[in-house]
Structures are given as C-alpha cells and as structure tokens.
Amino acid sequence: MSLSKKVKVGLDETRILILGSQILLGFQFQGAFRPTFERLPFHDRVIWVAALALITLTIALLITPSVQHRVVEGGRDTKRLLGVIGRYAGLALGPFALALGADLYLAVNPVLGLGPGAAVGLFFCGLALLFWYGLEALMTRTAGQRERTMTDREPEHEHTPLETKIEQMLTEARVVLPGAQALLGFQLVITFSEAFEKLTFAAKVVHLVALALLALTVVWLMAPAAFHRIVYAGEDTPEFHALGTRFLLAASVTLALGISVDLGVVVAKVVASNLAGLIAALASLALLVGLWHVHPLILRARKDTTPTS
C-alpha cells in the first residue's frame, strides 16, 4: 500500500472515531439543560464535567492530524504525518473510553442505583480499553510484524499528486463537518429548553455567540465543495487546494472558539459558578489552540529552518 493510500485510510478511520465523539459532546452539552439534570447530586455533576472534559480532549486529539497535514506538510503525504495520525488516534481512545464509562454510569445510576451504575460504567470502560488497547498489545507479539517493518521502511515522503491532495483535503473536511453539524443541532435545541430560559441574559448571549461560531464552522467546511462545483467545475487546481486549505484552517479557529465558549456556559451552569465556567472555557481554548494552531506552527517553523539534504 502506498504512503498516500495509508494516509487516506488513516483519515477515514479518524472519521469513524470523531463522529461518535462529537455527537457525545453534543449529548454532554444538551444533557445539562434537561429537566432531570437539576436533581442530580453534586458529585454526579462533577463526573458530568469530567466526562465533558474527556470528550473535549478526545476531539482535540482527533482533529490535530488534519490541521498538521494542512499547516506543517502543506497537504503532502509524509511518513511523519502517518505516524501522527496513528499516535493521536491511539491517544484519543483512552479519554473516549473513560468518558463513555462515565456517561453510562450517569445514565444507569438514576434507574438502578449507585452500585449497578458504577459497575456498568466500569465494565464498559474496561471493555473499551480491552478492545482498543489490550488485545492489540497482545496481538502485536504474534502478528503484524512484517507489515510494521514495511511501514518502518517507508520513505520519509513521496510525491503527492494534486488530485490526491484535494481528495484528502475534502476527506479532512468530512472528518469535522458531520460532528460540527450535529453539535450545532444540539446547541440549537438547547435554546428551546426551560433550563435555558433560567440562565442570566449574559449567559444566553454567550451561548448565542457560541452558536454563531459553530454556524460559521459549518459554513467554512461546506464552502470547498461549493467552490469546487461552481467555480472550478469539479476540476482539480492548485488554487482550489489552497482555498480549501484556508477554509479548513478557518473552521478550526471558529470550532475551537465555539466549543470553548459553550463549554464555559455549561460548566458554569452545572457547578453554579461563573468563575469555574470561565476557567473551563480558558483551559479548553488553550488546549484546542495549542494542539490545532500553536504546535503546528512551531513544527512548521522548525521544518522551514531545518536544512534539507
């Protein structure tokens, strides 16, 4: 399998992971505004906030390779990028498993009680970790050695045709778009809830700002397809590749801001503390901007200053 094909498959696998993650993030946001949420004990609310933080971390990790592909590699397929895709996908599965277990505990606890809820949460968290890490670690001892050796011997980079660059750029838009649309839908529904009506005017305005940022994200992510059809008649051109890359990077900015702003609103409501909400929003923004913008720019600067042989 060529390096470009491996990168494409890696991005497709990321799409599988991130759609479920972003829908779960939407569930976390919306759940805090359901009527029964007000009756949860404080420690369950803390678990809810922890699950929200874990799923936010999962999304941050899963989107990172696509941003690095745009910023660091300029759309080229490299061995380094292939490693980044695998490494970040592997890291993302851990917090996703923990968030899954926490959410299942929160769903079962009100029905069956604390003991069964904790048992169900721990069971599914352990099961996810077993199938996502444990079995793979065992199988690497007896299988896949030849394939891993072949990947290790891959060239550091290969020529990436413009057609492949554009195909992967559109794939990266599809990585983020379905989840962003689902998250926007969840956030729109919140505005019609009774709990939303009880928020302060300032909190409502902040939520509307987050909605606007998520709507912009959807606009940016859908724009490349429209330009490709209408302006370029479906033809692949360097100008379209550059334009699509700019739209994807713009979407990463508004998505980071939208998630962080709304996360602050939700945390402030859940723990009844505006200070906690502000800290959560700033921490989330620092995480997302750090992974999606600061670190890739540092890597690109280092790459530009490294002499080529």
Side-chain angles (χ1 to χ4, degrees), residues 10-11 13-32 44-69 71 83-106 121-122 124-126 128-129 131-133 172 175-176 178-180 182-183 186-187 210 213-214 217 251-268 270-271 276-296 298-299:
L11 292 173
E13 291 170 345
T14 301
R15 288 171 60 194
I16 295 173
L17 299 176
I18 199 166
L19 180 56
S21 302
Q22 289 180 312
I23 289 177
L24 192 57
L25 179 64
F27 162 75
Q28 295 284 158
F29 279 149
Q30 189 185 27
D44 280 354
R45 296 189 183 195
V46 172
I47 293 174
W48 186 281
V49 172
L52 179 58
L54 288 166
I55 207 65
T56 302
L57 174 59
T58 300
I59 290 172
L61 293 170
L62 289 174
I63 292 179
T64 296
S66 294
V67 178
Q68 287 200 18
H69 196 193
V71 176
V84 167
I85 293 172
R87 185 162 57 253
Y88 277 88
L91 289 172
L93 291 173
F96 188 92
L98 293 172
L100 179 63
D103 281 341
L104 287 171
Y105 157 76
L106 291 169
L122 290 171
F124 278 98
C125 178
L129 292 173
F131 278 90
W132 295 346
Y133 291 109
E172 288 163 351
V175 166
V176 186
L183 186 57
F186 280 123
Q187 298 304 78
L213 290 166
L214 290 172
T217 301
S252 72
V253 173
T254 53
L255 181 61
L257 290 170
I259 290 176
S260 300
V261 169
D262 234 355
L263 189 143
V265 173
V266 172
V267 171
V270 169
V271 300
L278 178 61
I279 293 173
L282 292 176
S284 172
L285 187 61
L287 170 70
L288 297 175
V289 171
L291 283 175
W292 295 352
H293 305 107
V294 176
H295 188 226
I298 292 173
L299 290 176

Heavy-atom closest contact ([X] atom, [Y] atom, distance):
| X | Y | value |
| --- | --- | --- |
| G258 | A210 | O-CB, 3.7 Å |
| L285 | A256 | CD1-O, 4.1 Å |
| P296 | G290 | CD-O, 4.1 Å |
| S284 | S260 | OG-OG, 3.2 Å |
| A280 | V267 | CB-CG2, 3.8 Å |
| A97 | C125 | O-SG, 3.7 Å |

From CA spacing to verdict: side-chain contact (heavy atoms from CB on, under 4.5 Å), L255, I63: CA-CA 11 Å; L255 181 61; I63 292 179; 3.8 Å; yes
So how far is it from [X] [atom1] to [Y] [atom2], rounded to the nearest 0.5 Å?
| X | Y | atom1 | atom2 | answer |
| --- | --- | --- | --- | --- |
| I18 | S66 | CD1 | OG | 7.5 Å |
| L91 | L57 | CG | CG | 8.5 Å |
| L183 | L25 | CG | CG | 5.0 Å |
| I59 | S21 | CD1 | OG | 6.0 Å |
| L263 | L288 | CG | CG | 9.0 Å |
| L129 | L93 | CG | CG | 9.0 Å |

**Request:** Only counting residues at least two apart or in another chain, list the ones meeting side chain to side chain donor-acceptor pair (under 3.5 Å) with S252.
**Result:**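 Here the qualifying residues are H293.
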Short question: side chain of [X], backbone of [Y] - any donor-acceptor pair under 3.5 Å?
| X | Y | result |
| --- | --- | --- |
| Y133 | G94 | yes |
| T58 | F96 | yes |
| R45 | V271 | no |

Quiz item: Are there more than 12 heavy atoms of other residues, nucleotides or ligands under 6.0 Å from atom CZ of F131?
Solution: no
* To do: Start with the C-alpha distance between Q28 and D103, add both sets of side-chain angles, then the distance that settles side-chain contact (heavy atoms from CB on, under 4.5 Å), and finish with yes or no.
  => CA-CA 9 Å; Q28 295 284 158; D103 281 341; 2.4 Å; yes
L291 meets the side chain to side chain contact (heavy atoms under 4.5 Å, CB included) criterion, sequence neighbours left out, with A60, L61, T64, Y88, L287
Using the ring centroid of each side chain, check whether W48 and F29 are separated by less than 6.0 Å.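 Not close enough - the centres of the two rings lie 6.0 Å or further apart.
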Any side-chain heavy atom of Y105 within less than 4.5 Å of one from D44?
->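 With C-beta onward as the side chain, the pair touches.
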Check: Any chance the side chains of T254 and T217 put a donor and an acceptor closer than 3.5 Å?
Finding: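 The criterion, which ignores hydrogens and geometry beyond distance, is satisfied for T217 and T254.
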